[in-house]
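Here is the structure we will look at, set down as structure tokens.
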Amino acid sequence: MKVCIDLGATNIKGARMVNGAIVAETCTPTGHGSHQAVVASLTRAIEGLLVPGTDAIAIASAGDIDEARGVCTYATPNLEGFTGFDFAAYASETFGLHCTAINDACAALLGEMCDGVGKNMKDRRVVMLTLGSGVGGAYWKDGSLAGSPANDHARFGHYCLEADGKLCNCGRRGCVEQYLSGRALNRMARERGLQPEGYLLQARHGDRAARAMVADFICLLERALRIIAQRCPFDVCILGGGVAEGIARMLPSMLSELSFRTVFAELGNRAGLFGAYRFAEGKL
């Protein structure tokens, strides 16, 4: 029995998993204002799932993760103060349990390839974009995850989409995350006089400004996929995260205009939990 955690910038999703199945779930606000606040939220999320018989903690986290050591080697301010955070030591000291850690986007793709839409695509080249508060990326090739220095470890959210574009919290300009994330879409909606929480419904009901905004988003997504394909040639793109889910549900006709073969994640916001579990089980 494992406690599985998906630590994101907005929420901490948690699950108790047995034999690859979720038997209990929680969702805890990540907390902001300090590193200590985020760690306190993480601790509450884990404590809420611990029961006798728990043998390990499996964490998927935003940021660059040294999977061999269970350490976050780099995190943007989306996770305050997490650069250098040792998940393995934290879990051992706080709960007396072994802990594995993997990047959240890699976990999402691993989950989809083992338990979701990618189960029958293991011999294909697959990229995944997780469009949430930020933008995560992962690459599957030759039967396993394939992040490497040659493709910047598939950090697609920080590939350059617009030269000299919007400043990203990673310190660079024009990153994909500044145009395709949920935060970016909310900003775009406000700039166009639309309600950040209602533009998809407005678009579905035929509002011209809202439909134009979503159409512009689709164009940006296609541009991003072209840039990704130059460094990570792929056969299929899996789109996941709350933004992708929302647009797929509301405006599937617009997404069908993409020239790339795209499919939607089947596991929804559980993909990272399944991937964290599979990683802890040694499935790469």
Side-chain angles (χ1 to χ4, degrees), residues 6 8 59-68 72-76 78 100-132 134-161 168 170 172 175-177 179-181 220-241 243-244 255 258-284:
D6 186 352
I59 294 178
S61 173
D64 297 347
I65 307 295
D66 181 333
E67 297 166 357
C72 179
T73 57
Y74 173 75
T76 69
N78 286 348
T100 55
I102 182 174
N103 168 265
D104 57 351
C106 291
L109 179 53
L110 183 60
E112 289 293 340
M113 297 305 289
C114 291
D115 299 288
V117 70
K119 284 187 293 187
N120 298 317
M121 297 191 295
K122 290 189 174 68
D123 60 341
R124 310 300 298 278
R125 299 171 301 176
V126 181
V127 301
M128 185 169 183
L129 276 179
T130 52
L131 310 177
V135 174
Y139 189 39
W140 180 276
K141 181 182 177 184
D142 299 327
S144 65
L145 293 170
S148 72
N151 61 30
D152 195 21
H153 299 281
R155 289 178 287 209
F156 303 142
H158 297 286
Y159 280 17
C160 183
L161 182 61
C168 183
C170 75
R172 293 181 284 188
C175 291
V176 167
E177 185 168 293
Y179 298 88
L180 297 182
S181 66
L220 289 168
L221 175 59
E222 177 137 20
R223 282 180 53 201
L225 291 176
R226 292 189 187 283
I227 291 167
I228 291 166
Q230 291 173 3
R231 296 177 69 177
C232 297
F234 63 89
D235 304 305
V236 183
C237 173
I238 299 174
L239 293 175
V243 172
L255 280 167
L258 288 170
S259 61
F260 293 92
R261 184 188 171 198
T262 56
V263 296
F264 292 98
E266 285 184 352
L267 300 176
N269 61 14
R270 294 172 164 177
L273 297 170
F274 277 91
Y277 180 88
R278 291 295 184 179
F279 179 69
E281 292 285 293
K283 303 294 193 299
L284 291 175

Consider side chain to side chain contact (heavy atoms under 4.5 Å, CB included). Of Leu129, Leu180, Val176, which one does Phe156 pass it with?
Leu129
Are side-chain heavy atoms of Trp140 and Leu145 found at a separation under 4.5 Å?
yes
Does Phe260 have any ring pair (Phe, Tyr, Trp, His ring centres under 6.0 Å) partners at least two apart in sequence or in another chain, and if so, which?
Phe234
Side chains of Arg226 and Ser259: closer than 4.5 Å at any heavy-atom pair?
yes
Ignoring hydrogens, what is the shortest heavy-atom contact between Ala60 and Gly272? Give both atom names and the distance.
CB-O, 3.9 Å
All heavy atoms of Ala280 vs all of Thr100, minimum pair found to be CB-OG1, 3.5 Å
Test side chain to side chain contact (heavy atoms under 4.5 Å, CB included) applied to Asn78 - qualifying residues, sequence neighbours left out
Ala9, Thr76, Asn169, Glu177, Arg183
What heavy-atom pair brings Asp235 and Arg124 nearest, and what distance separates the two atoms?
CB-NH2, 3.5 Å
So which atom in Met113 and which in Lys122 form the shortest heavy-atom distance, rounded to 0.1 Å?
O-NZ, 2.8 Å
Smallest heavy-atom separation, Ala265 atom then Gly240 atom, equals CB-CA, 4.0 Å
Which heavy-atom pair separates Thr130 from Ala105 by the least distance, and what is that distance?
OG1-CB, 4.1 Å
Below 4.5 Å, heavy atoms only, C-beta onward: do Thr262 and Leu255 meet side chain to side chain?
no
For a 4.5 angstrom cut-off between non-hydrogen side-chain atoms, does Leu258 reach Leu221?
yes
According to side chain to side chain donor-acceptor pair (under 3.5 Å), does anything in residues 147-160 pair up with another residue at least two apart or in another chain? List the pairs.
Asp64-Arg155, Asp152-Arg155
